[in-house]
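Structure record follows, encoded as structure tokens.
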Amino acid sequence: MCWLFLPCMLLKKSVLCTLFLVCAFGANAQIIPLGSIRTEEATRDLQLLGKIPSNYSFNNRPFVSSNNIKQDSIYRWIDSVYFDNSRHIDKILNKRWFKVTLLPLETMLQYNSVTPYGYNNGAFLKAKGVQQLTRAGLFLQAGPLQIQMAPEIVTAQNSSYKTTALFGNNTTPNYKKIFPGQSSVSLNFNAFSFGIASTNQWYGPGINNSLLMSNNAPGLTRAFVGTNRPLVTPIGSFEWTLSSGWLTEDSTLQFENYALKPTSKLNRRNYYNGIVLSFQPRWFSGLHVGISRAYVTGESELNSNAFNNSSFLDKYIPVFSVLEKKSILATEDQKGRDQQASLFLRWVLPKNNFEFYAEYGWNDHKIDVRDLYMGPGHSAAYLVGIKKIIPIPTQKAYFNFDLEYMRGEQLAEALVRDAGNWNTHGNLETFTNDNQFLGSAVGSGSNSIKLATSYNRGWNRILFSIEKIQNNPHYYKINPWIDMVYGTGADYRIKNLVISTVVKAVLQKNYGWEAGNNITNLFASFGLKYLF
């Protein structure tokens, strides 16, 4: 795997070049949160409609508006009539070197009638009953300093639900917690940013799933350094983010990595270090290739004797450590840490209003290049997807089609070399934050295929979806648990208010891997977004 060092070397060079070229002018880098009602999905659609340049990868999210692409421009592209004929009070104070902006007020409700269901919903729990998330805040800019304050308040009934011998546990009702949410403090110099953030991140090109990092869990509070827009160089554009922070556990909640059952690993923190790098070659317009890598180390292991002879980089920024395990066989397994890595690509064809993407990852070191060639499927997972937009110019509208397949189940190599499921390889089994998976939304060792279509006109949308989820089929072949999910929904704008609704019928066969335990769960969500 030595050939994988090239992206890391290019990253180091791009950092040095950026540090050398930065000047005293800050960029207007306002974050569009993952999962934000309508806005985040519409922003990706705008690229296929030719509004956002194809050198933006959407492999390193959240999307950050800048002086090149302002948030007002994004809103105007979504609905030009609304923004051409409305007055806006979003700027509380707007001076040359100082600005204060009201962020959209969002509140979202979710409901499960019988069983816990739901993913890619940030600080929401996987729980039965009603729960609510509310977010509001301010964006402040003073030269290169930018502060986005967008805390989130979550309340949940967290009601008891039907459990089985293999799935579920008693709950703690009436949950309430305040999160820092989609907040950040950063210094921005042209395309370069560094600071502290608790925003949700997304690594790679997936829409419904990501192997390493998605918005399935609450945002990780971390220090970061990276780009806020494509960094243009003579050979192409780079986007990257390097992050380090602490993952937490909540002993009052169930653990997704233990099939919503309790665990003896309580009240511990885990150190996280991750990187995502995307490169768009100058000579291949619209093609983005990249790499992501992440390490998790238990706090007690990090302070153990196993790291006595380790360098600062090996201990705290291990994403830059060797990719071949043969040179560290004697020491690596003693450190009690685990890693994930992936390669991905996204090919955008704006003239055809089409994109194709794929991601392939490993849950373990490769011993050497021969090990990679002989067993590329060992400890592997992958996803592939396509997205197609059909414009309707006469209506200033478009149809959107998404199809994505995620394979989290172990591949054929597991018959002779079991690696454990994705997210559960090694000692820690804790690629989680607040007990929820950081990456693949459908969970450990599961497969998913989802087809979604929608009619979009401005802020208004009508959508339909169908999804099949196989829950951990590698280890539970006798009574396979399969979910069939049929969904519909609509978004509608009334003046400054955007209303969002989704209803899904979740048909669960052999729920909890229990034969004949067939359950129908009703999932519903309702959201309000006020644009100041």
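Since we're looking at a predicted model, the values are computed, not measured.
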Polar contact flag, side-chain donor to acceptor under 3.5 angstrom, [X]-[Y]:
X    : Y    : answer
T107 : Q132 : yes
Y398 : D45  : yes
S448 : E467 : yes
Y475 : Q410 : yes
N521 : S113 : yes
S278 : N59  : yes
E409 : N447 : yes
Q182 : N200 : yes
Q131 : N158 : no
R293 : Q339 : yes

- Message: Quick one, T241 with N60, criterion side chain to side chain donor-acceptor pair (under 3.5 Å). Give me CA distance, side-chain angles, the key distance, then yes/no.
- Response: CA-CA 7 Å; T241 299; N60 179 20; 3.0 Å; yes
[X] side, atom [atom1]; [Y] side, atom [atom2] - distance, nearest 0.5 Å:
X    : Y    : atom1 : atom2 : answer
I74  : S65  : CD1   : OG    : 5.5 Å
Q201 : L438 : CD    : CG    : 9.5 Å
I466 : L403 : CD1   : CG    : 11.5 Å
Q254 : T171 : CD    : OG1   : 6.5 Å
L212 : S342 : CG    : OG    : 5.0 Å

- Which residue, K128, Q508, K162, forms the side chain to side chain donor-acceptor pair (under 3.5 Å) with T115?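 It is Q508; the other options fail the test.
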- Using side chain to side chain donor-acceptor pair (under 3.5 Å) as the criterion, point out the one residue from Q47, R346, E239, Q280 that pairs with S57.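 Only one of Q47, R346, E239, Q280 forms a side chain to side chain donor-acceptor pair (under 3.5 Å) with S57, namely E239.
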With a 4.5 Å limit on heavy-atom distance, are the side chains of [X] and [Y] in contact?
X    : Y    : result
L345 : Y360 : no
L247 : V296 : yes
I392 : T394 : yes
Y476 : N471 : no
Y511 : N518 : no
R222 : T199 : yes
E359 : P205 : yes
R229 : N68  : yes

- Task: Look at the rings of W481 and W513 and say which category their plane angle falls in: under 30° parallel, 30 to 60° tilted, over 60° perpendicular.
- Result: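 Rings of W481 and W513: perpendicular, as their planes differ by over 60°.
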- Message: Please verify the inter-ring angle class for F63 with F58; under 30° counts as parallel, over 60° as perpendicular, anything in between as tilted.
- Response: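 The arrangement is parallel - the two ring planes meet at less than 30°.
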Looking only at atom types and distance, does a side-chain atom of [X] sit under 3.5 Å from a main-chain N or O of [Y], one as donor and one as acceptor?
X    : Y    : answer
S183 : P180 : yes
W459 : I494 : no
T501 : A490 : yes
N353 : L48  : yes
T520 : L507 : no
D483 : Q470 : no
S198 : G181 : yes
S210 : G206 : no
S446 : N472 : yes
N215 : G122 : no

- Working for side-chain contact (heavy atoms from CB on, under 4.5 Å), residues F224 and L242: CA-CA 6 Å; F224 73 92; L242 173 67; over 6 Å; no
Can [X] and [Y] be counted as an ion pair, charged N to O under 4.0 angstrom?
X    : Y    : result
E41  : R461 : yes
K387 : E355 : no
D79  : R493 : yes
R61  : E40  : yes
E152 : R135 : yes

Nearest heavy atoms of [X] and [Y], plus distance in Å:
X    : Y    : answer
V348 : H288 : CG2-CD2, 4.3 Å
W422 : A341 : CH2-O, 4.3 Å
N510 : P480 : ND2-O, 3.0 Å

- Message: Taking the cut-offs as 6.0 angstrom to the six-membered ring centre and 45 degrees off its axis, would you call R44 and Y357 a cation-pi pair?
- Response: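 Flagged: R44 positioned over aromatic ring of Y357.
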- From W240, F284, F238, F344, residue fulfilling ring pair (Phe, Tyr, Trp, His ring centres under 6.0 Å) relative to F279: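 By the ring pair (Phe, Tyr, Trp, His ring centres under 6.0 Å) criterion, F279 pairs with just one of W240, F284, F238, F344: F238.
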- Take S525 and F523, measure what side-chain contact (heavy atoms from CB on, under 4.5 Å) needs, and give me the verdict at the end. CA-CA 7 Å; S525 69; F523 171 87; 4.3 Å; yes
- Between K504 and Y117, does a side-chain contact (heavy atoms from CB on, under 4.5 Å) hold up when you go through it step by step? CA-CA 10 Å; K504 295 180 180 181; Y117 170 84; 3.6 Å; yes
Around [X], counting heavy atoms of other residues, nucleotides and ligands shown, do more than 12 lie under 6.0 Å from its [atom1]?
X    : atom1 : value
W347 : CH2   : no
K351 : NZ    : no
K509 : NZ    : no
K388 : NZ    : yes

- Verify whether the ring centers belonging to Y272 and F431 lie closer than 6.0 Å.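 So the answer is no for these two rings.
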- Message: Working note: N55 + R282, criterion side chain to side chain donor-acceptor pair (under 3.5 Å); need CA distance, chi angles, decisive distance, verdict.
- Response: CA-CA 9 Å; N55 68 333; R282 182 179 179 182; over 6 Å; no
- Task: For the pair E256 and N216, evaluate side-chain contact (heavy atoms from CB on, under 4.5 Å) and give the outcome as yes or no after the intermediate values.
- Result: CA-CA 11 Å; E256 284 191 358; N216 185 61; 3.3 Å; yes
